Amino acid sequence: MLTAPNPCDPAELRAAYGTFPTGVTAVCALRDGAPVGFAASTFVPVSLDPPLVSVCVQHTSTTWPLLADRERIGLSVLADTQGTACRQLASKSGDRFAGVSVTTTGDGAVLLDEAAAWLDCSIHQILPAGDHDLVLLKVEAMRVYHGVPPLVFHASGFRSLALPAA
């Protein structure tokens, strides 16, 4: 017999959110000549016209304030081979970019090499949303690397997509 849903216990809510597989992105830019960034699994394509995407950023983030005033922000859709780079970018300590190969645009966006796609973005709008900010980014330029499979985050771990058996 089905029972009514439980009230929103934070641990159970996190587990419920974890049942939804997502791609993983790196959100990065230059600050004082050095790359700064973080990993985000809260990426959502929003609009084709104008070209908008979004990421959600916790209010407690210490990295977002270093990016929020940048002219351009690079958003890299991570490839299934970039799990280690993703964990580094999500780390609270150490050099997040150690051993990570990046490309920097003239406007200061930082993009991870070997990603599935690059989106060179400007901030369009920031909206408060509970304990996060919803950051709408306007895609100014992009590049898709066809045939590069994405990194998938599900149930607190990384997964790869597999083609169904014929």
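All values derive from a computational prediction rather than experimental measurement.
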*Report the distance from atom NE2 of H59 to atom CG of D131, rounding to the nearest 0.5 Å.*
7.0 Å

*asked:* With rounding to the nearest 0.5 angstrom, report the OG to CD distance, S101 to Q82.
replied: 9.5 Å

Can you see which heavy atom on [X] is nearest to which on [Y], and at what distance?
{"X": "V148", "Y": "A116", "answer": "O-CB, 3.6 Å"}
{"X": "C28", "Y": "F97", "answer": "SG-CZ, 3.8 Å"}
{"X": "G147", "Y": "P149", "answer": "O-CD, 3.3 Å"}
{"X": "C121", "Y": "V53", "answer": "SG-CG2, 4.4 Å"}
{"X": "L151", "Y": "A79", "answer": "CB-O, 3.3 Å"}
{"X": "H124", "Y": "L52", "answer": "CG-CD2, 3.7 Å"}

_Set out, in order, the CA-CA distance, both residues' side-chain angles and the distance that settles side-chain contact (heavy atoms from CB on, under 4.5 Å) for L127 and Q125, then state yes or no._
CA-CA 7 Å; L127 304 164; Q125 190 173 9; 3.3 Å; yes

Do the non-hydrogen side-chain atoms of [X] and [Y] ever get within less than 4.5 Å of each other?
{"X": "V152", "Y": "T22", "value": "no"}
{"X": "L30", "Y": "V36", "value": "no"}
{"X": "V102", "Y": "L111", "value": "no"}
{"X": "F43", "Y": "S54", "value": "no"}

*Which of these, T60, T62, L67, sits in a side-chain contact (heavy atoms from CB on, under 4.5 Å) with W64?*
L67

*F38 and its side-chain contact (heavy atoms from CB on, under 4.5 Å) partner, picked from L89, L66, V57*: V57

[X] side chain vs [Y] backbone, donor-acceptor pair below 3.5 Å:
{"X": "S76", "Y": "L78", "result": "no"}
{"X": "S41", "Y": "V24", "result": "no"}
{"X": "H132", "Y": "C56", "result": "no"}
{"X": "T104", "Y": "G108", "result": "no"}
{"X": "R72", "Y": "D120", "result": "no"}
{"X": "W118", "Y": "L75", "result": "no"}
{"X": "R96", "Y": "A90", "result": "no"}
{"X": "D133", "Y": "V135", "result": "no"}

*Ionic contact status for R31 with D69, cut-off 4.0 Å*: yes

Is there a continuous path of hydrophobic side-chain contacts, each under 4.5 Å between heavy atoms, that joins [X] to [Y]?
{"X": "V110", "Y": "Y145", "result": "no"}
{"X": "V139", "Y": "I123", "result": "yes"}
{"X": "V44", "Y": "L137", "result": "no"}

_Looking only at the side chains, is there a donor atom on one of S122 and R70 sitting less than 3.5 Å from an acceptor on the other?_
no

_Verdict with reasoning, I126 to L136, per side-chain contact (heavy atoms from CB on, under 4.5 Å)_ = CA-CA 6 Å; I126 300 173; L136 287 172; over 6 Å; no

*asked:* R87 vs F158, test: side-chain contact (heavy atoms from CB on, under 4.5 Å). Steps then yes/no.
replied: CA-CA 10 Å; R87 288 196 191 284; F158 297 127; 3.5 Å; yes

